[in-house]
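Let me begin by presenting the structure, written as structure tokens, before commenting on it.
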Amino acid sequence: MTDVHPLTSTAPAATALPPAPAAPAADPLLLPELGEVPAADLQDRLAGWLSDFTSLQEHLELLARADGLAGTLDALLDSGAALLGARRGLVVTLPPGSEGQPARPVGLGLDRATLGTLETVPVEHGPFAGLLGRPGPEGRLLIADLAADPAVGPRFREVAEQLGLGACYALPLATGPAEEVLGAAAWFYDEPGSPDERREHLVRRYCEFAAPLLARQLAADRAVRAAETLRRSLLPGHLPARTGLKVAARCVPAALERAAGSDWYDAIALPDDTVGLTVGSVLGGGPGAARTRAPTRPPRWAGCGPRCAPTRCWRARTRSRCSATSNCC
């Protein structure tokens, strides 16, 4: 998918470029009258705009069809590289409460060893320098020559030389200028240079459209992980052992990547040297069902007498808490 074209400049550029001054108002574009043949330069401009819009639409459709958070990050990197004419890329996200420390990066054209090498570069001096806080609407990082730019940190310069990185272009990922940054994406060129104005405009527009979708994927991923942690915490860590009895159990919710599951099981050693078995579920799935299951899961029948019927005892103790959507046996 990546379409590589020569870069337009080899002059070093300062890192974390400040907001560009407002461009002077251009003369309005005058469309030809009905029946008039448009000028050749106008035809070229219209054809170029149509090509750019078509390309942007195609890449956004690929992003919308991506499956899950991992697929969204891969699509973002791949499309950004195609729009910029780069070969390699890197994206990081910021977990809640991370205080600017990104999660494990996802790479394009970078193997695991290369990603590990890039992780040794300090965040404040690497490809995302100044982008993981609250950059302004024009925030970006352009390093046109990683070997010659004096603003590049020594470790980043060393890693760039080792990996054959000539230039870097990075953008923050945020749903709006005043919103919290979700992460950042960087793309690398093999040779010194920088993207032309057209390519830069396209990738910035692409990231603006991609950020809200990424925000939803991050929220869904966090919800699934939290519910899965809760689900596992409600299952027993081990099952009791009794002479002449072997107990084995397994709970595998369907579509684990999309639903946390709401089923439980337990085996409890009773005072009369017997074992009580229980299996239950809460109708539905996801985080809500997992949270509902927590108060309805059977206790360990602490203090039950030798003649206590486990099922009757549990029902008597939890009658006031049982929900009509909970079933157990």
Side-chain angles (χ1 to χ4, degrees), residues 7 10-19 69-70 72-74 76-77 80-81 84 86-175 177 179-195 200 203-204 207 210-211 214-215 218 221-222:
L7 304 179
T10 58
T15 59
L17 296 179
L69 178 60
T72 299
L73 294 175
D74 289 342
L76 189 151
L77 281 176
L84 283 172
R87 295 184 182 274
R88 290 176 281 184
L90 185 70
V91 62
V92 295
T93 57
L94 289 177
S98 62
E99 298 182 353
Q101 293 300 317
R104 186 174 296 275
V106 176
L108 169 70
L110 304 171
D111 57 25
R112 186 171 300 179
T114 302
L115 290 175
T117 303
L118 285 168
E119 285 186 283
T120 64
V121 180
V123 175
E124 61 274 15
H125 300 298
F128 305 115
L131 299 181
L132 297 179
R134 284 187 176 273
E138 299 297 328
R140 63 173 181 172
L141 179 69
L142 172 61
I143 306 176
D145 193 336
L146 287 168
D149 193 329
V152 178
R155 179 55 184 165
F156 192 18
R157 182 179 292 107
E158 177 185 353
V159 169
E161 182 180 0
Q162 177 184 347
L163 301 179
L165 306 178
C168 171
Y169 182 85
L171 288 172
L173 299 170
T175 54
E179 300 295 330
E180 185 176 357
V181 174
L182 305 171
W187 291 272
F188 302 105
Y189 298 103
D190 297 339
E191 302 293 336
S194 61
E200 186 175 350
V203 78
R204 290 171 73 93
C207 288
L214 177 60
L218 287 170
D221 183 72
R222 286 193 293 267

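Side chains are part of it too, since the values below use all heavy atoms of this structure and drop only hydrogens, waters and symmetry mates.
- Residue pairs satisfying the salt bridge (Lys or Arg N to Asp or Glu O under 4.0 Å) criterion with at least one member in residues 166-175, sequence neighbours excluded, are absent.
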Verdict with supporting geometry, Val92 and Val123, side chain to side chain contact (heavy atoms under 4.5 Å, CB included)
CA-CA 11 Å; Val92 295; Val123 175; over 6 Å; no
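- With rounding to the nearest 0.5 angstrom, the SG atom of Cys207 is 5.0 Å from the CG atom of Leu171.
- Across Leu142 and Ser194, no two heavy atoms sit closer than the pair CD1-CB, 3.9 Å.
- Considering every non-hydrogen atom in both Leu108 and Ala81, the closest pair reads CD2-CB, 3.6 Å.
- By the side-chain contact (heavy atoms from CB on, under 4.5 Å) test, Ala186 pairs with Pro127, Phe128, Cys168, Ala170, Phe188, sequence neighbours left out.
- Counting heavy atoms from C-beta on, the side chains of Arg88 and Leu165 come closer than 4.5 Å.
- Counting heavy atoms from C-beta on, the side chains of Leu173 and Val91 come closer than 4.5 Å.
- Within the 4.5 Å cutoff, the side chain of Val106 has no heavy atoms near those of the Leu76 side chain.
- Legend: residues meeting side chain to side chain donor-acceptor pair (under 3.5 Å) with Arg155, ordered by chain and number and at least two apart, are Thr120, Glu158.
- Residues that satisfy the side chain to side chain donor-acceptor pair (under 3.5 Å) test with Arg157, not counting sequence neighbours, are absent from this structure.
- Atom CG of residue Leu132 and atom CG of residue Leu94 lie 5.0 Å apart, to the nearest 0.5 angstrom.
- Residue pairs meeting the side chain to side chain donor-acceptor pair (under 3.5 Å) criterion with at least one partner in residues 124-133, sequence neighbours excluded, do not occur; the list is empty.
- In plain terms, the two heavy atoms of Leu146 and Ala167 that are nearest each other are CD1-N, 3.9 Å.
- Side-chain contact check for Leu182 versus Thr93: every heavy-atom pair is 4.5 Å or farther apart.
- Within the 4.5 Å cutoff, the side chain of Val152 has no heavy atoms near those of the Asp145 side chain.
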Derivation and outcome, side chain to side chain contact (heavy atoms under 4.5 Å, CB included), residues Leu218 and Leu69:
CA-CA 7 Å; Leu218 287 170; Leu69 178 60; 3.7 Å; yes
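- Across every non-hydrogen atom of Trp187 and Leu77, the tightest pair is NE1-O, 3.1 Å.
- Residues Val203 and Pro195 have side chains not in contact (no heavy-atom distance under 4.5 Å, counting atoms from C-beta outward).
- Scanning all heavy atoms of the two residues, the minimum distance from Leu131 to Val181 falls at O-CG1, 3.7 Å.
- Partners of Glu119 according to the side chain to side chain donor-acceptor pair (under 3.5 Å) rule, which considers only residues two or more places apart in sequence or in another chain, do not exist here.
- Residues Leu73 and Leu214 form a side-chain contact, since some pair of their non-hydrogen atoms from C-beta on lies under 4.5 Å apart.
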